[in-house]
There are 2 protein chains.
Amino acid sequence: MLHDAVSRIRRFNRAVTAEVGALDTSFLGRGRPLGAARVLNGIGHGRGDVGALRDYLGLDSGLLSRLLRGLEEEGLVVTLPHPSDARRRVAALTEAGRKEFVAYEALSNAQAASLVERFPRAEELLRAMDLVATALGRERIAIEECDPRAATAVSCLTAYYAELGRRLATGFDVALSRDPEAADMMRPRGAFLVALSDGMPIGCVGLKGKGGEVAEIKRLWVCPSARGLGLARRLMRAAEDAARDLAITTLQLDSNSALTEALQLYRRTGWVEIERFNDDPYPDFFFEKRV
Amino acid sequence: MLHDAVSRIRRFNRAVTAEVGALDTSFLGRGRPLGAARVLNGIGHGRGDVGALRDYLGLDSGLLSRLLRGLEEEGLVVTLPHPSDARRRVAALTEAGRKEFVAYEALSNAQAASLVERFPRAEELLRAMDLVATALGRERIAIEECDPRAATAVSCLTAYYAELGRRLATGFDVALSRDPEAADMMRPRGAFLVALSDGMPIGCVGLKGKGGEVAEIKRLWVCPSARGLGLARRLMRAAEDAARDLAITTLQLDSNSALTEALQLYRRTGWVEIERFNDDPYPDFFFEKRV
DNA sequence: GCATATGTCTGACCTAAGTCAGATAAATCG
DNA sequence: CGATTTATCTGACTTAGGTCAGACATATGC
């Protein structure tokens with residue numbers, strides 16, 4: 001190793017602090033203190049609920065209140081009582097506020113784009129950034145249910161199919177496989193779960209119901225930068241919880257011998273090998289588990 | 001790609017801001033504002049000269065002066081006039097100041113260690129952090145002359161030998177090669193240059209003088225995370241500048257056909273192939289350039 | 001319906017951080 | 001030598017950011 005771990009991390013901290021500081025400085029260019037800009041951005045990103053905004057930004061209630069009043073005086077924000085609980089308030093951007101928000105987004109995007117542009121090995125850099133972000137944000141990975149046709153789900157599935165294509169000796173064509181209907185992977189028949197790290201989808205799993213007490217696990221995938229963190233296990237546990245919730249008692253899945261980590265995971269978490277239960281051309285391993 | 005580049009970078013920014021913020025918070029635990037802690041750390045890291053400290057921390061002269069006075073009142077720092085210029089002042093840590101400095105270092109090291117500890121794929125993470133730090137700190141890569149036996153030089157050379165061992169079909173044993181004497185790569189005979197990114201050595205090149213007008217380029221190396229940035233070219237240019245400065249008119253070098261990027265660089269920057277000029281077992285390509 | 005809990009706001013504070021215009025003293029140039 | 005430049009310090013000021021106690025209105029449990 002060139003340098004010990006600690007000094008490498010400290011060098012990283014310095015480099016990154018300088019870069020993030022540059023972004024803050026460019027935000028100041030719009031003539032508003034950073035705090036107000038952050039509030040405006042929070043609202044723009046859908047955190048209109050004052051309480052949610054406070055948690056997200058980690059601000060004192062008095063301080064946030066004052067910042068909101070400032071933005072209201074600027075004509076960028078309006079706050080209204082929450083429709084179902086008049087104690088709570090919801091902030092929303094006005095037309096002018098939306099324009100300001102877009103301007104801040106543009107600054108932020110420009111900074112990101114310039115970073116990629118001035119570094120020749122962009123994809124490698126982005127991959128490294130993903131890995132670091134995942135490592136740092138490990139405690140904040142959330143598993144959520146979503147529609148398997150939603151953008152977050154589709155981005156995972158696309159990566160999943162691409163990886164199968166690379167790893168299976170036969171390649172992989174989703175049209176030849178038994179692609180489940182979206183409705184089978186949604187309540188009340190089944191479920192589709194994605195793992196989100198700070199909003200970015202980094203893994204998924206589908207629970208494909210058949211209407212009865214037996215369901216199938218499909219599409220288990222974890223993005224490369226998040227492997228080795230026990231995320232697949234967490235996703236499987238969440239899928240089993242969903243199955244219990246749907247009164248499903250038996251889970252089945254098929255897999256391929258090229259996917260060694262997956263087979264290892266199944267064997268270690270109570271799955272038992274069973275006879276082939278479909279005529280899909282790709283799988284050559286079949287498992288079952290009672291929940 | 002899972003997500004577009006911009007949102008990947010923005011996720012990275014958020015993750016890293018939270019981590020750096022955690023370090024700042026732990027620094028506050030020592031009951032001193034962050035500014036004062038940074039000054040103390042700057043002095044501890046050898047930036048005692050008040051002017052240098054101001055540049056390093058980017059502080060206003062009045063503000064730094066006040067922070068220094070505060071640390072003096074705490075008994076952590078003493079400032080003395082510069083020995084050769086009584087206008088300038090030099091700050092130094094007292095015994096108590098050194099203790100505080102060590103405590104801050106320990107906090108910083110603990111944070112770094114805990115990061116590595118809670119992520120199972122530590123070496124991969126560190127490599128990713130190196131790459132990101134190099135990309136972000138690209139404009140701040142400095143080339144400096146140093147003793148080839150100094151720690152910075154040795155860490156580069158060790159990595160260089162290891163890489164030769166991996167890449168040459170024959171392996172590489174430095175004892176069998178014509179290892180230059182350190183004195184040949186130091187003024188007044190030659191020079192040894194290292195590239196430093198925020199203090200971390202990431203590349204080197206040696207200029208081995210023979211006392212006359214001919215000198216040899218040796219040990220050109222760039223660490224993997226910094227490749228593709230044109231650093232080798234910059235190092236070579238710096239070595240040529242040093243050669244001119246030493247009244248050297250002809251440069252020679254030997255290389256191996258396995259080192260394709262290096263050969264390409266030489267051909268593109270005015271080097272011409274010549275006859276073998278030594279009996280070193282490893283090289284099979286020989287170049288010359290007039291400066 | 002009343003007591004209590006919850007969510008937000010207001011006023012009165014405080015501190016860290018930074019700016020700027022001189023003051024001061026030492027070095028340097030002609 | 002005197003004039004100018006350089007390095008640092010001091011005092012007066014500003015701003016951003018944050019804390020805290022209580023006010024106020026609305027919801028919730030009994």
Side-chain angles (χ1 to χ4, degrees), chain A residues 17-18 20-43 47-74 77-92 104, chain B residues 17 20-21 23-43 47-74 77-92 104:
Chain A
T17 307
V20 172
L23 180 61
D24 286 354
T25 310
S26 82
F27 269 27
L28 288 176
R30 297 202 65 75
R32 202 167 287 110
L34 222 49
R38 293 210 307 147
V39 171
L40 193 70
N41 272 287
I43 299 170
R47 254 164 271 246
D49 204 291
V50 172
L53 204 50
R54 205 164 41 223
D55 288 348
Y56 176 61
L57 298 172
L59 294 177
D60 172 86
S61 97
L63 181 51
L64 176 57
S65 183
R66 240 177 295 272
L67 289 170
L68 278 173
R69 206 183 37 171
L71 290 171
E72 272 187 314
E73 272 165 26
E74 272 196 89
V77 158
V78 283
T79 64
L80 301 164
H82 191 281
S84 71
D85 180 348
R87 291 171 304 182
R88 293 159 67 190
R89 312 214 83 203
V90 182
Y104 278 113
Chain B
T17 306
V20 171
L23 180 61
D24 287 354
T25 310
S26 82
F27 269 26
L28 287 175
R30 297 202 66 74
R32 201 168 285 111
L34 223 49
R38 293 210 307 148
V39 171
L40 193 70
N41 273 285
I43 299 170
R47 255 165 269 247
D49 204 293
V50 171
L53 203 50
R54 205 163 41 221
D55 288 348
Y56 177 60
L57 299 172
L59 294 177
D60 172 86
S61 99
L63 181 51
L64 175 58
S65 184
R66 242 177 295 272
L67 289 170
L68 278 173
R69 206 181 38 170
L71 291 170
E72 272 187 314
E73 272 165 25
E74 273 197 87
V77 158
V78 284
T79 64
L80 301 163
H82 191 281
S84 71
D85 180 349
R87 291 170 304 180
R88 293 158 67 187
R89 312 215 82 203
V90 181
Y104 278 113

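Quick note: numbers below take in every heavy atom, side chains included, and nothing from hydrogens, waters or symmetry partners. Residue numbers begin at 1 in each chain, while the letters A, B, ... track the order of the sequences.
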Point to revise | B/R89 CZ to C/dT24 P, straight-line distance once rounded to whole Å | key: 16 Å

Check your understanding: B/D60 has a side chain; which of D/dT26, C/dT19, D/dG18 sits nearest to it?
Key -> C/dT19

**Study point:** Atom-to-atom span, CG of B/L63 to P of D/dC13 - whole angstrom
**Key:** 18 Å

**Study point:** Most 5' of A/H82 and A/A36 on DNA chain D, judged by nearest nucleotide
**Key:** A/A36

Point to revise | Spacing of A/L64 atom CG relative to C/dG7 atom C1', expressed in whole Å | key: 12 Å

Exercise for review: To the nearest 0.5 angstrom, please state how far the CG atom of A/L68 sits from the CG atom of A/L40.
Suggested key: 10.0 Å

Point to revise | Euclidean distance, atom CG of residue A/L67 to atom P of C/dC9 [Å, nearest integer] | key: 11 Å

Review point. Of A/L34 and A/S84, whose nearest nucleotide on DNA chain D comes first from the 5' end?
Key: A/L34

Check your understanding: What is the distance, rounded to the nearest whole Å, between atom CZ of A/R87 and atom P of D/dT26?
Key -> 11 Å

Review point. Between the base of C/dG11 and the side chain of A/R66, is there a donor-acceptor distance below 3.5 Å?
Key: yes

Check your understanding: When you measure from the side chain of B/D49, which nucleotide among D/dT26, D/dC9, D/dT8 comes out closest?
Key -> D/dT8

Practice item. Figure out the CG/C1' separation between A/D85 and C/dT6, and round it to whole Å. Key: 8 Å

Exercise for review: Report yes if a side-chain nitrogen or oxygen of A/R54 is closer than 4.0 Å to either non-bridging phosphate oxygen (OP1 or OP2) of C/dT8; otherwise report no.
Suggested key: yes

